[in-house]
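Heads up: the structure comes next, in structure tokens.
Chain naming here is simple, since letters A, B, ... match the order of the sequence lines and numbering starts at 1 in each. Worth knowing before you read on, the calculation uses all heavy atoms, side chains too, and leaves out hydrogens, waters and symmetry mates.
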2 protein chains.
Amino acid sequence: MKNFHPTGNCPVRDVLSRLGDKWSMLVLTTLSANGTMRFSDIHKTIDDISQRMLTVTLRTLESDGLVHRKVYPEVPPRVEYCLTEMGTTLMPHIQNLVDWALGHMDEILTSRETVKG
Amino acid sequence: MKNFHPTGNCPVRDVLSRLGDKWSMLVLTTLSANGTMRFSDIHKTIDDISQRMLTVTLRTLESDGLVHRKVYPEVPPRVEYCLTEMGTTLMPHIQNLVDWALGHMDEILTSRETVKG
DNA sequence: CTGTATCCCATACGATACTG
DNA sequence: CAGTATCGTATGGGATACAG
């Protein structure tokens, strides 16, 4: 029987759990669609994310090497974000998931109403 | 500027947030690899999931129409789970994500250590 | 403009005990 | 065997205020 979780730390679980948080995929998708963006532009595009969570999410993505952060030494400060090369290679897979979700959400919603809960 | 979150309920967010919980992808992957499985078999395969969370996860996946649940009227009870047709169509995309994670986890771990936190 | 710091809450999850 | 029920905890994330 096939098993997918070596006892101890499973790197696959670790990586996927990051993408599974509330905002990562959305931030990545937004950057993928719009290219380089300022902090405030991302915030305007995803307007229901809190400032705190946008910062936290971007920092995590940067730490993982999926997003690049560039600070311009200006006043007022300007910070631009864009996907790294690795981040770019991830996007087609996320897009496939999004497309699948779009294509099956009706069936899923129907199932939720149908299945006696 | 492209936006991906219609105000109000975004079905894509809704669907993806389910997959992003702690155990759903792992349960789906396990069922995909092993075919039909009894509750206890899944539990043995994913041995660090609690009985409660395995039940909750399977019920959610069933409600969404991704997993099928069959109860045999026996004593002691026997319950078997397998992917539905819709669940099967989702698996290649999850597998792509897993493969990506496997292929890039070294780079990600290195990045985490490198980026000054 | 781009953050940090602090506080607070909802809920996801685990541990344990119990049941048909 | 395959669950429920109950409780406790950890933490993800929002609101707000403040700072460089």
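Along DNA chain D, read 5' to 3', the first and last nucleotides having any atom under 4.0 Å from a heavy atom of chain A are dG13(D) to dG20(D). The footprint of chain A on DNA chain C, defined by a heavy-atom cutoff below 4.0 Å, extends from dC1(C) to dT6(C).
In terms of position on DNA chain D, the residue among I49(A) and P77(B) whose nearest nucleotide sits closer to the 5' end is P77(B).
A salt bridge is defined here as a Lys NZ or Arg NE, NH1 or NH2 lying under 4.0 Å from an Asp or Glu carboxylate O, and R13(A) with D48(B) meets this definition. Ion pairing between K44(A) and D41(A) holds under the 4.0 Å rule for side-chain N and carboxylate O. Salt bridge annotation for D14(B)-R112(A): present, with a cationic side-chain nitrogen under 4.0 angstrom from a carboxylate oxygen.
Among the atoms of the strands shown, only primed sugar atoms or phosphate atoms (P, OP1, OP2) are found under 4.0 Å from some heavy atom of Y81(A). Among the heavy atoms of the strands lying under 4.0 Å from R38(B) are primed sugar atoms or P, OP1, OP2 only; no base atom is included. Counting any heavy atom pair closer than 4.0 Å across all strands shown, Q51(B) reaches a base atom.
Ring pair F39(A)/H43(A) is perpendicular by interplanar angle, where above 60° counts as perpendicular and below 30° as parallel.
Taken together through direct or relayed side-chain contacts under 4.5 Å among Ile, Leu, Val, Met, Phe, Trp and Tyr, M91(A) and V67(A) form part of one hydrophobic cluster. L58(A) is connected to V71(A) through a chain of hydrophobic side-chain contacts under 4.5 Å among Ile, Leu, Val, Met, Phe, Trp and Tyr, so both are in one cluster.
In this structure the side chain of L83(A) never reaches within 4.5 angstrom of the side chain of L66(A), judged on heavy atoms.
Listed by first then second residue, pairs satisfying salt bridge (Lys or Arg N to Asp or Glu O under 4.0 Å) with a partner in residues 80-106 of chain A read R78(A)-E80(A), not counting sequence neighbours.
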